There are 2 protein chains.
Amino acid sequence: MSDSDLSDFRISSLRQACAHCSLNQLCLPMSLSEADIEQLDSIVERRRPLQRGDHLYWGGDNFQAIYAVRSGSLKTYTTTEEGEEQVTGFHLPGELVGLDAINTWVHPCSAASLETTSICELPFEQLEHLAADIPGLQRQLLRLMSKEIFADQEMLFAMARRSAEERLAMLLMSFSDRFARRGLSATRFRLPVARSDLGNYLGLAPETMSRLFRRFSDQGWLKAEGREIQLIEPDALSELAGRGMIEEPAEPRRGDGTD
Amino acid sequence: MSDSDLSDFRISSLRQACAHCSLNQLCLPMSLSEADIEQLDSIVERRRPLQRGDHLYWGGDNFQAIYAVRSGSLKTYTTTEEGEEQVTGFHLPGELVGLDAINTWVHPCSAASLETTSICELPFEQLEHLAADIPGLQRQLLRLMSKEIFADQEMLFAMARRSAEERLAMLLMSFSDRFARRGLSATRFRLPVARSDLGNYLGLAPETMSRLFRRFSDQGWLKAEGREIQLIEPDALSELAGRGMIEEPAEPRRGDGTD
DNA sequence: CGCCTACTTGAGCGGCATCAATGGGTGTGG
DNA sequence: CCACACCCATTGATGCCGCTCAAGTAGGCG
C-alpha cells in the first residue's frame with residue numbers, strides 16, 4: 001500500500017478502477033478513451049496483496065496472464081540447472097511483468113515480491129481479444145513490449161561495455177527516474193532490493209557492490225544507509241551513467257533502405 | 001538468393017508470395033490460414049537486395065516498417081556518443097528486425113547488411129491493422145516480440161555470469177541451430193560475420209576471440225579457417241554453452257499467485 | 001540471548017583488456 | 001604481373017578490474 005496515494009485508496013477499497021488509478025499513465029490504459037479503459041477495466045482482476053517473498057509465478061508455470069504492479073515491487077529471476085540465480089529485472093508500480101512468457105505460454109522466469117505488493121492481473125486471452133477490438137490497446141501492448149526489448153538491449157550494452165561503477169550509476173539513475181515518474185523524490189528513496197540482488201542483476205559480486213557504494217559515498221555523490229539512498233550529486237552519477245549511452249540522433253536520416 | 005530454393009525462384013521471379021516462401025515457418029506467416037497469408041502477402045514489399053555494408057536503416061531514422069530477412073544476413077548495432085559501436089544482434093533468413101522501434105517510432109539502432117541480402121518489408125501501420133483483423137497474426141507478432149525479450153534476457157544472463165569461452169560456445173551453437181532450422185548443415189557453416197563483430201557482440205576483445213578459437217581448435221572441438229567453421233565435437237561445445245543455461249522445469253508448478 | 005541473514009572490509013589472484021608487432025588475404029593501381 | 005595499402009586475424013607481454021576466499025560487524029527476529 002505504501003505507494004498508492006491515499007485518496008485513491010479511500011475511494012475504492014476493493015473496486016479500484018483503472019480510470020481512477022494514479023498509475024494509469026504508466027500502465028496499459030495510457031492514451032485510451034474512457035470507454036476503452038472501462039472495457040479494459042472489466043477484465044482486470046485485482047488480488048490480495050503478496051507478502052515479501054511470495055511468488056507471483058514460478059519459472060515453468062503455465063502462462064495465463066500478464067501482471068501490472070500496483071504498489072510495492074517485484075523481482076524477476078531465472079534459475080540455472082546448478083541452482084544459480086540470475087535476477088532479470090526489478091519492477092515498480094505501473095510496470096508490467098510476464099511479457100516474456102507469451103512466446104511459449106510458459107513463464108521462463110520466476111517473479112517474487114520484494115515487499116508487500118498488490119497486483120493487477122490481466123488474463124492474456126481476454127487481453128488479446130480486447131486488443132483486437134481496441135486499436136489503441138493493441139498498439140500500447142506492442143509499444144510496451146518494444147520498450148522492454150529496447151531496455152534489455154541497453155542493459156546488454158551496459159554489461160558488455162561498461163565498468164562496474166558505470167553500471168551501478170545507471171541502475172541508480174534508473175530507479176531515480178522511475179520514482180520521479182510516480183511523483184516521488186528523485187533524490188531520496190528506499191531501494192526495495194538487497195545489495196546482493198542489485199549486484200546479481202548487474203553481474204557484480206555483492207562485495208563489489210559494497211565497495212562501489214563506499215566509493216560513491218566517499219566522492220560525496222550520495223549517502224547510503226542500507227537501502228536508504230540519498231543522491232547528493234545526481235549530475236555526477238548521471239554523467240557516469242550517461243557516458244557512452246546510446247546515441248539518439250536529432251534529425252532522422254533517410255530511411256529508404258539504401259546507403 | 002543463396003538461400004531461397006530454386007523452384008521457388010523460377011515460379012516467382014519478382015512476385016514471391018509468402019505462401020511459397022521456404023521461410024514461412026520461421027517468419028510471421030507461421031500457423032496462419034492460406035487466406036490470411038494472402039492478406040499478409042498483399043502488404044509485403046520486396047525490395048532490391050542490399051549489398052554488403054548497405055544499411056537497411058540508421059539509428060535515428062523514423063520507423064515505418066518491420067523487416068524480415070529473406071536471404072543473406074544483417075547486423076544491428078548502436079552507436080555511443082563517443083562513436084563506440086555495440087553490436088546488438090545478427091539476423092539470418094526468416095528473422096525479423098526493427099521491433100525495438102515500435103515504442104518510440106524511431107529506430108534506436110542501425111541495421112547493416114553483412115553480405116548480399118534481400119529483405120521483405122512490412123509497413124507497420126498496415127501490419128497493425130491486419131493484426132487487428134487476423135487474431136493469429138496479432139498473436140504471432142506478440143509471440144515474436146516475446147521471444148526476442150526472452151532471447152535478450154538469456155543473452156543478459158550470459159554477459160553477467162558466463163566466461164568468454166562459454167559465451168562463444170553459446171553463440172556458435174546459436175548459429176548452428178539457426179542454420180539447421182533452415183535445413184543447412186548444423187556442423188559446417190560460414191559465419192557471415194567478422195571476428196571483431198562477433199567479439200563486439202559478446203562483449204569481448206577481438207584478440208580474445210582469436211585466442212578462444214585457437215583454444216577450441218586445440219581441444220579438437222572445431223576447425224576454423226577464417227569464417228568457415230566446422231564443428232567436430234558439437235556436444236562438447238553444447239555442454240559448455242548449456243552449462244548454466246536457464247532451467248525449463250518439466251512440469252508446471254501451481255500458478256495461483258500465492259506461495 | 002543466540003541465530004541468521006545482510007553488509008562490510010581486506011588480501012590475493014585470475015581472466016580478460018590493452019598495447020604492440022607481425023602475418024595473411026584481398027582489392028587497386030601502376 | 002607485381003607493389004602497395006588496407007583490413008582482418010593472430011600472437012605475445014603486461015596490467016588492471018572485479019571475483020574469490022576469509023573474517024568480522026551490524027541488524028532483525030525467534
Side-chain angles (χ1 to χ4, degrees), chain A residues 51-53 75 82 84-87 112 114-116 157-172 190-218 222-229 240 243-244, chain B residues 51-53 75 80 82 84-87 112 114-116 157-172 190-219 222-229 240 243-244:
Chain A
Q51 295 307 310
R52 177 197 167 112
K75 72 168 176 182
E82 291 88 12
E84 240 179 327
E85 252 188 33
Q86 169 65 32
V87 174
L114 295 167
E115 56 194 312
T116 302
F157 173 79
M159 303 293 284
R161 293 265 166 288
R162 310 267 62 97
S163 70
E165 274 191 353
E166 290 168 323
R167 280 185 246 171
L168 178 55
M170 284 179 62
L171 184 59
L172 288 173
R190 180 182 173 77
L191 295 173
V193 193
R195 291 274 194 285
S196 60
D197 278 343
L198 288 183
N200 184 302
Y201 176 64
L202 294 175
L204 299 170
E207 295 94 327
T208 305
M209 295 302 293
S210 262
R211 289 184 245 270
L212 287 175
F213 271 107
R214 167 157 256 292
R215 218 181 296 172
F216 284 175
S217 162
D218 286 350
L222 54 73
K223 281 203 175 77
E225 291 178 7
R227 300 182 182 183
E228 213 68 52
I229 305 292
L240 197 59
R243 175 176 309 162
Chain B
Q51 295 308 310
R52 176 196 168 111
K75 71 168 178 183
T80 68
E82 292 88 11
E84 240 179 327
E85 253 189 33
Q86 169 66 31
V87 174
L114 296 167
E115 55 194 313
T116 303
F157 173 79
M159 303 293 284
R161 293 267 166 289
R162 309 267 64 97
S163 69
E165 274 191 354
E166 291 167 323
R167 279 184 246 171
L168 177 55
M170 284 179 62
L171 184 58
L172 288 173
R190 180 183 175 76
L191 295 174
V193 193
R195 290 275 192 286
S196 59
D197 277 343
L198 288 183
N200 184 302
Y201 176 64
L202 295 174
L204 298 170
E207 295 93 328
T208 304
M209 295 302 293
S210 262
R211 288 184 245 270
L212 288 175
F213 272 107
R214 167 158 254 293
R215 218 180 297 171
F216 284 175
S217 163
D218 286 349
Q219 298 271 0
L222 54 73
K223 282 204 175 78
E225 290 180 6
R227 301 183 180 182
E228 213 68 52
I229 304 291
L240 196 59
R243 174 175 309 162

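First the proteins, then the strands, lettered A, B, ... as listed; each starts at 1. FYI, side chains are in, hydrogens and waters are out, and symmetry mates aren't considered; it's all heavy atoms of this structure. Just so it is clear, the structure is predicted and the values come from calculations on it, not from any experiment.
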| Starting at CD of B:Glu225 and ending at P of C:dT26, how long is that distance when rounded to a whole Å? | 12 Å
| query | Pairs in or reaching into residues 192-213 of chain B: which pass salt bridge (Lys or Arg N to Asp or Glu O under 4.0 Å), with residues at least two apart or in two chains? | reply | B:Lys75-B:Asp197
| said: Taking ring pair (Phe, Tyr, Trp, His ring centres under 6.0 Å) as the definition, give me every residue that meets it alongside B:Tyr201, ordered by chain and number, with sequence neighbours left out. | reply: B:Phe90
| said: Please encode protein proximity along nucleotides 24-30 of chain D as a string of B, S and -, counting only heavy-atom distances under 4.0 Å. | reply: -------
| said: side-chain contact (heavy atoms from CB on, under 4.5 Å) for B:Phe157 and A:Val87? Distances and angles first, verdict last. | reply: CA-CA 8 Å; B:Phe157 173 79; A:Val87 174; over 6 Å; no
| note | A:Glu166 atom CD is separated from D:dG18 atom C1', nearest whole Å, by 14 Å
| Nucleotide C:dG14, atom P - distance to CD of B:Glu165 in whole Å | 16 Å
| query | At what distance, to the nearest 0.5 angstrom, does CD of A:Glu115 lie from CZ of A:Arg227? | reply | 9.0 Å
| message | How many whole angstroms separate atom CG of A:Leu212 from atom C1' of D:dC19? | response | 13 Å
| Sugar-phosphate or base contact per nucleotide [nucleotides 3-12 of chain C; S, B, -; heavy atom under 4.0 Å] | ----SBBBB-
| query | Of the non-hydrogen atoms in B:Ala164 and B:Thr208, which two are nearest, and what is the gap between them? | reply | CB-CG2, 4.3 Å
| field | B:Arg161 bridged to A:Glu85 by N-O distance under 4.0 Å | value | no
| Quick one: bend of the helix from C:dC1-D:dG30 to C:dG30-D:dC1 from 5 pairs per end, to 10°? | 30°
| task | Would you mind classifying the nucleic acid contact of A:Gly199 as base, sugar-phosphate or nothing, using non-hydrogen atoms under 4.0 angstrom? | result | nothing
| message | Looking at B:Leu202, is its backbone amide N or carbonyl O close enough to the side chain of B:Arg167 to form a donor-acceptor pair, meaning the two atoms are under 3.5 Å apart? | response | yes
| said: Quick test of your reading of the model: are B:Arg190 and B:Glu225 salt-bridged, counting only N-O distances below 4.0 Å? | reply: no
| remark: Rounded to whole Å, the CG-P distance (B:Leu198 to D:dC8) equals 13 Å
| request: Using the side-chain contact (heavy atoms from CB on, under 4.5 Å) rule, take A:Phe213 and A:Leu198 through it: C-alpha gap first, then chi angles, then the decisive distance, then the call. | output: CA-CA 12 Å; A:Phe213 271 107; A:Leu198 288 183; 4.2 Å; yes
| message | If you apply the rule side-chain contact (heavy atoms from CB on, under 4.5 Å), what do you find for A:Leu114 with A:Arg52, and how did you get there? | response | CA-CA 5 Å; A:Leu114 295 167; A:Arg52 177 197 167 112; over 6 Å; no
| task | State which residues pass side chain to side chain contact (heavy atoms under 4.5 Å, CB included) with B:Gln219; sequence neighbours excluded, sorted by chain then number. | result | B:Trp221
| remark: From CD of B:Glu228 across to P of D:dC8 the rounded distance in Å is 18 Å
